[in-house]
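Here is the structure we will look at, set down as structure tokens.
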There are 6 protein chains.
Amino acid sequence: MPIAHIHMMEGRTDEQKAAVIEKVTDALCEAVDAPRQNVRVLIQEVPNTQFGIGGKTAKSLGR
Amino acid sequence: MPIAHIHMMEGRTDEQKAAVIEKVTDALCEAVDAPRQNVRVLIQEVPNTQFGIGGKTAKSLGR
Amino acid sequence: MPIAHIHMMEGRTDEQKAAVIEKVTDALCEAVDAPRQNVRVLIQEVPNTQFGIGGKTAKSLGR
Amino acid sequence: MPIAHIHMMEGRTDEQKAAVIEKVTDALCEAVDAPRQNVRVLIQEVPNTQFGIGGKTAKSLGR
Amino acid sequence: MPIAHIHMMEGRTDEQKAAVIEKVTDALCEAVDAPRQNVRVLIQEVPNTQFGIGGKTAKSLGR
Amino acid sequence: MPIAHIHMMEGRTDEQKAAVIEKVTDALCEAVDAPRQNVRVLIQEVPNTQFGIGGKTAKSLGR
């Protein structure tokens with residue numbers, strides 16, 4: 001622990017995903033003094049047809 | 001908030017997914033008077049080989 | 001399936017939670033023609049000190 | 001209930017996934033005496049570019 | 001990995017929770033040959049007012 | 001989006017939770033250039049009797 005589960009829109013590069021993993025791990029180590037080796041980060045990509053804001057799909061909102 | 005995370009079997013159309021987003025948002029606004037703009041809905045599709053009921057895969061159960 | 005996991009702010013009544021379960025189930029049955037008996041809804045309450053919007057806690061935003 | 005949500009690295013066979021569903025269901029029935037028919041298992045595969053251990057991607061760690 | 005997230009009804013003993021952790025870990029090691037030390041299990045208890053089956057609360061169904 | 005769901009051991013202060021929200025939001029804005037106002041962070045605390053590492057409870061491992 002901590003385990004961070006990140007949902008984000010589809011389409012990021014592997015470099016951006018690696019940056020999410022590194023920076024979120026940094027953030028958790030700083031914020032709660034977690035031992036770095038214990039931190040897990042899981043990224044889940046979501047298509048814009050499968051994410052809704054205020055009842056509308058992200059796709060219909062041009063995201 | 002609220003944030004609704006919906007897991008459902010793979011294979012629905014984009015129209016059905018848009019309907020899930022719209023109707024689940026309606027349901028949450030009605031049930032807890034949530035401001036519509038704050039409601040998020042996330043759909044996750046699951047293959048029938050990766051969902052189990054009573055220890056059997058949905059695929060083996062013909063779903 | 002579908003399985004709906006709803007995260008919402010702490011403090012709703014049991015009646016409101018029952019309404020979330022009933023109305024979200026209705027929404028999923030209508031949207032994807034799911035058999036009612038197969039739909040599961042799970043509600044998770046989140047304290048306002050443990051939910052963040054734009055980097056600020058919901059508590060500090062007066063929610 | 002119980003509902004088990006299993007995140008694991010991409011690349012397992014359908015047979016292995018069926019074994020996860022069967023054995024995790026067995027484990028939950030034994031541990032908490034859950035009626036077998038009520039147990040649900042959901043498997044989510046994660047690419048090695050989207051899982052981080054200690055701030056590094058599983059891919060960079062050769063997993 | 002694997003990471004198992006188990007949702008179950010409130011009210012189990014610490015011994016039952018320890019049994020869930022042990023037996024689910026055994027199941028995952030057997031099913032996908034995962035190194036035991038890499039397996040994480042997270043248990044989340046859900047009150048019977050916050051779990052719905054077919055649109056009804058578990059409480060109203062006498063669970 | 002992104003939505004970050006952070007599971008961590010019970011017992012942190014409100015200040016530490018606010019720091020998790022702020023720093024994880026910073027990390028996601030930097031890593032994928034997400035608009036700050038769109039980022040949501042959800043913290044879930046887990047008792048040491050409900051988290052397992054290698055089949056043992058965190059409690060039995062002295063965590």
Side-chain angles (χ1 to χ4, degrees), chain A, chain F:
Chain A
M1 283 259 198
I3 298 175
H5 197 143
I6 315 290
H7 285 92
M8 55 188 199
M9 302 296 284
E10 235 173 24
R12 268 53 182 241
T13 63
D14 283 355
E15 290 67 30
Q16 286 179 305
K17 293 173 190 174
V20 164
I21 286 170
E22 187 185 355
K23 292 178 187 293
V24 167
T25 301
D26 293 343
L28 291 168
C29 290
E30 282 164 43
V32 292
D33 207 16
R36 194 171 187 80
Q37 211 34 36
N38 293 0
V39 179
R40 300 287 181 274
V41 178
L42 252 150
I43 296 171
Q44 206 114 26
E45 293 193 288
V46 185
N48 62 7
T49 53
Q50 293 182 202
F51 180 59
I53 300 155
K56 300 216 182 311
T57 68
K59 183 175 180 181
S60 69
L61 295 168
R63 308 238 182 148
Chain F
M1 285 260 202
I3 297 175
H5 197 142
I6 314 290
H7 285 92
M8 56 188 200
M9 303 296 283
E10 235 175 24
R12 268 53 182 240
T13 64
D14 284 355
E15 289 69 29
Q16 287 180 304
K17 293 172 190 174
V20 164
I21 286 170
E22 187 184 353
K23 291 179 187 291
V24 167
T25 301
D26 293 344
L28 291 168
C29 290
E30 281 163 43
V32 293
D33 207 16
R36 194 173 185 80
Q37 211 36 34
N38 293 359
V39 180
R40 299 288 180 274
V41 178
L42 252 151
I43 295 171
Q44 206 112 27
E45 294 194 286
V46 184
N48 62 6
T49 53
Q50 292 182 201
F51 181 56
I53 300 154
K56 299 212 182 311
T57 67
K59 183 175 181 181
S60 69
L61 295 168
R63 308 239 184 147

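Any value given below was found using the heavy atoms of this structure, including those in side chains, with hydrogens, waters and symmetry copies removed. All chains are named by letter (A, B, ...) in the order of the sequence lines, taking the proteins before the strands, and each is independently numbered beginning at 1.
- Across all non-hydrogen atoms, the minimal contact from A/N38 to F/R63 is ND2-NH1, 3.4 Å.
- To the nearest 0.5 angstrom, A/H7 atom NE2 is 15.5 Å from F/R40 atom CZ.
- If you tally non-hydrogen atom pairs under 4.5 Å between each of F/A34, F/A27, F/A18, F/A58 and chain A, the highest count goes to F/A27.
- No part of F/V41 comes within reach of chain A, as not one of its non-hydrogen atoms sits under 4.5 angstrom from that chain.
- For the atom pair A/E30 CD and F/Q16 CD, the distance stands at 13.0 Å (nearest 0.5 Å).
- Ranked by non-hydrogen atom pairs under 4.5 Å with chain A, the options F/V20, F/V24, F/V32 are led by F/V32.
- A distance of 11.5 Å separates CD of F/Q44 from CD1 of A/I3, quoted to the nearest 0.5 Å.
- Of all the heavy atoms in F/M8 and A/P2, the pair that sits closest is CB-CB, 4.0 Å.
- The heavy-atom pair separating F/I6 from A/A4 by the smallest distance is CD1-CB, 3.6 Å.
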